[in-house]
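Contents: one structure, followed by commentary.
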Amino acid sequence: MSEALWGGFLALTEGMRDLALNGGPSIIMIAVACVMFYLAIAKGVEPLLLLPIAFGCLLVNLPLSEMMGAEGTLRTLYNMGIANELFPLLIFVGIGSMTDFSPLLANPKLLLFGAAGQLGIFLTLLLALGLGFSKSEAVSVAAIGACDGPTVIYVSNLFAEKGQIPAAMVGALAVAAYSYMALVPIIQPPIMRLLTTKKERAVKMPSPKGRVSKAALMVFPIVVVALTGIVAPKGLPLMGMIMLGNFLKVSGVVPRLSAAAENEIANVSTLFLGLAIGGTMAGPQFLTRETLMVFGLGFVAITTDTVGGILLGKIWYKLSGGKVNPLVGAAGISAYPMAARIVQVEGQRWNKHNFLLMHAMAANTGGQIGSVMAAAIMLSVLKGLGIL
Amino acid sequence: MAVVGMGGTLLTLGIMALLIHLVTVFLPPANDKEDKP
C-alpha cells in the first residue's frame, strides 16, 4: 500500500523534479513565452502570430512534454504543414486575397522600390557568410530581410527538411521575422529622418491620376506568375499562391472562395503554423549562439531594407528634379500595409498638405512582390549552385 | 550569390514594371463604373 502511494507520489511529482534538475533552458523559454504573451496581449504586437507561437513554445517546454514527440500533437501539426511548407503557402493565398494591387498598377514604376527594399536580404547574406554561417543558414537568415514571415518559414524549411539547417533554427527565424515586422513602426522613422533632409521629406507628390481597368487587374497576377515561372521557378509556389489569392479576388466571380481564402483558410493556417513554430522552440535546441546571431542579423536585414528603399528614393528625387519624396522608398518592404502608413504619417509630419499614402501603398505592394521575387531568385541561384 | 540575387531582383522587377505598364496601356479603363482608382 505504502509502495503504491509512494509510486503515485513520485509519478505526480516527476515533472517538478525534471524541471528542477534539467529545466534551466525550458524555464528560460517559458519566460520567453510569457514575454510573447505580454507583447501580443498588452502591446498588440502581431498577436495573430505571436499568441499561438507563444502557446506552442509554452506547451513544448513544460516538463516531460511529449507535444513534439513522434506522436505529439505539435509534431503532427508540424508534419502536416511546416515540414511540407503547406501552411505558409495557404497563408499566402489569404494575403493575395487581402491585397489591393491597384495603386501599383496605377504607377508601376514604383515597383522598383519593392526591389530596393530587398537590399537587406542580400547585405545580410554577405554578412552571414562572413560570420561563418553555411550557405543554407545564411540564405535562411537573410530571408528575414523579406519582412515576411511565411517567406522566411518557407525558405528556411526547405533547408531544414534536407538537414542543412537545424529545425530549431526555423522557429528562431520565424520569431525574429515576426518580431521585427512588428517593430517596423519603431525601426523605420529614425532611419527615414537620418537619411533624408527636411526639404526631401516635405516634397509633395500629386495624387496618382491613373485609373486601372478590371481587365488589367486580372491580367496582372497572370503576368507576375508567368514571369516568376520563367525567371525563378523555385519561387513559383510562393508567388503562385499569393497571385492565386489575388486572382480569386479580382476575378469577382468567386466571392465565396475569395472570402474563404481571406478568412477561414488564412486564419486556420495561421493558428496551426504559429503553434507548430512554437513547438520548435524547445529550450535545449533553441537557446544557442546561432539563435542570438539570427536575431542580430535579422535586425541588420530589416534596417538595411529601409536604407535601400530610401537610397533609391533619394536617387529618384535627384533624377526627377525633386518630384519624388524619398520617404516613399521606405515602404518598399513587405510589411503591408504598416510600412505605407508609416510613410504617410512621416510625410505629413513635415508637410501637413502631403498625402503620400497611395504612392506608399504602391511601393508597399511592390515590396510584397519584391520580397517573394528576391526569395525566388535566391532559391533558383542556390539550385544553380547545386545546393538545393 | 548576393550580387546575382540583388541584380536579378532589380532586373526582374524592372521587367515586371514594364510589363505591368504595357498591360495598363493596352487594357485601359472602359468606363467610370468599371474603373478602380
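To find a chain, count down the sequence lines: A is the first, B the second, and so on, and within it residues start at 1.
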Give, as side chain, backbone, both or neither, the part of [X] having an atom under 4.5 angstrom from any heavy atom of chain B.
| X | result |
| --- | --- |
| A:L385 | side chain |
| A:V224 | both |
| A:L105 | both |
| A:L382 | side chain |

Least distance between heavy atoms, [X] atom then [Y] atom:
| X | Y | value |
| --- | --- | --- |
| A:V141 | A:L297 | CG1-CB, 3.5 Å |
| A:Y317 | A:P326 | CB-CG, 4.0 Å |
| A:N354 | A:Q344 | O-NE2, 4.2 Å |

Report yes if some heavy atom in the side chain of [X] is under 4.5 Å from a heavy atom in the side chain of [Y]; otherwise report no.
| X | Y | answer |
| --- | --- | --- |
| A:L379 | A:Y154 | yes |
| A:L110 | A:W316 | yes |
| B:F26 | B:H21 | no |
| A:S156 | A:I165 | yes |
| B:P28 | A:S213 | no |
| B:M6 | A:I377 | no |

Could you list which of residues 360-376 of chain A have a heavy atom closer than 4.5 Å to any heavy atom of chain B, in residue-number order?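 The stretch touches chain B at A:I369, A:G370, A:M373, A:A374.
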
Could you name the residues of residues 128-140 of chain A that have a heavy atom within less than 4.5 Å of a heavy atom in chain B?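 The list, in residue order, reads A:L129, A:K135, A:V139.
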
Passing option when A:L244 is tested against A:I242, A:L248, A:N246 for side-chain contact (heavy atoms from CB on, under 4.5 Å):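 Testing A:L244 for a side-chain contact (heavy atoms from CB on, under 4.5 Å) against A:I242, A:L248, A:N246 leaves exactly one candidate, A:L248.
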
Relative to chain A, which of [options] shows the most heavy atom pairs under 4.5 Å?
| options | answer |
| --- | --- |
| B:G8, B:A2, B:G14 | B:A2 |
| B:I15, B:V3, B:L18, B:T24 | B:T24 |
| B:L11, B:V23, B:V4 | B:V23 |

Under 3.5 Å donor-acceptor, [X] side chain and [Y] backbone:
| X | Y | result |
| --- | --- | --- |
| A:H359 | A:P206 | yes |
| A:D148 | A:S334 | no |
| A:T151 | A:C147 | no |

Looking at A:V381, A:L126, A:L227, A:V231, which has the largest count of heavy-atom pairs under 4.5 Å with chain B?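 Counting heavy-atom pairs under 4.5 Å, the top option is A:L227.
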
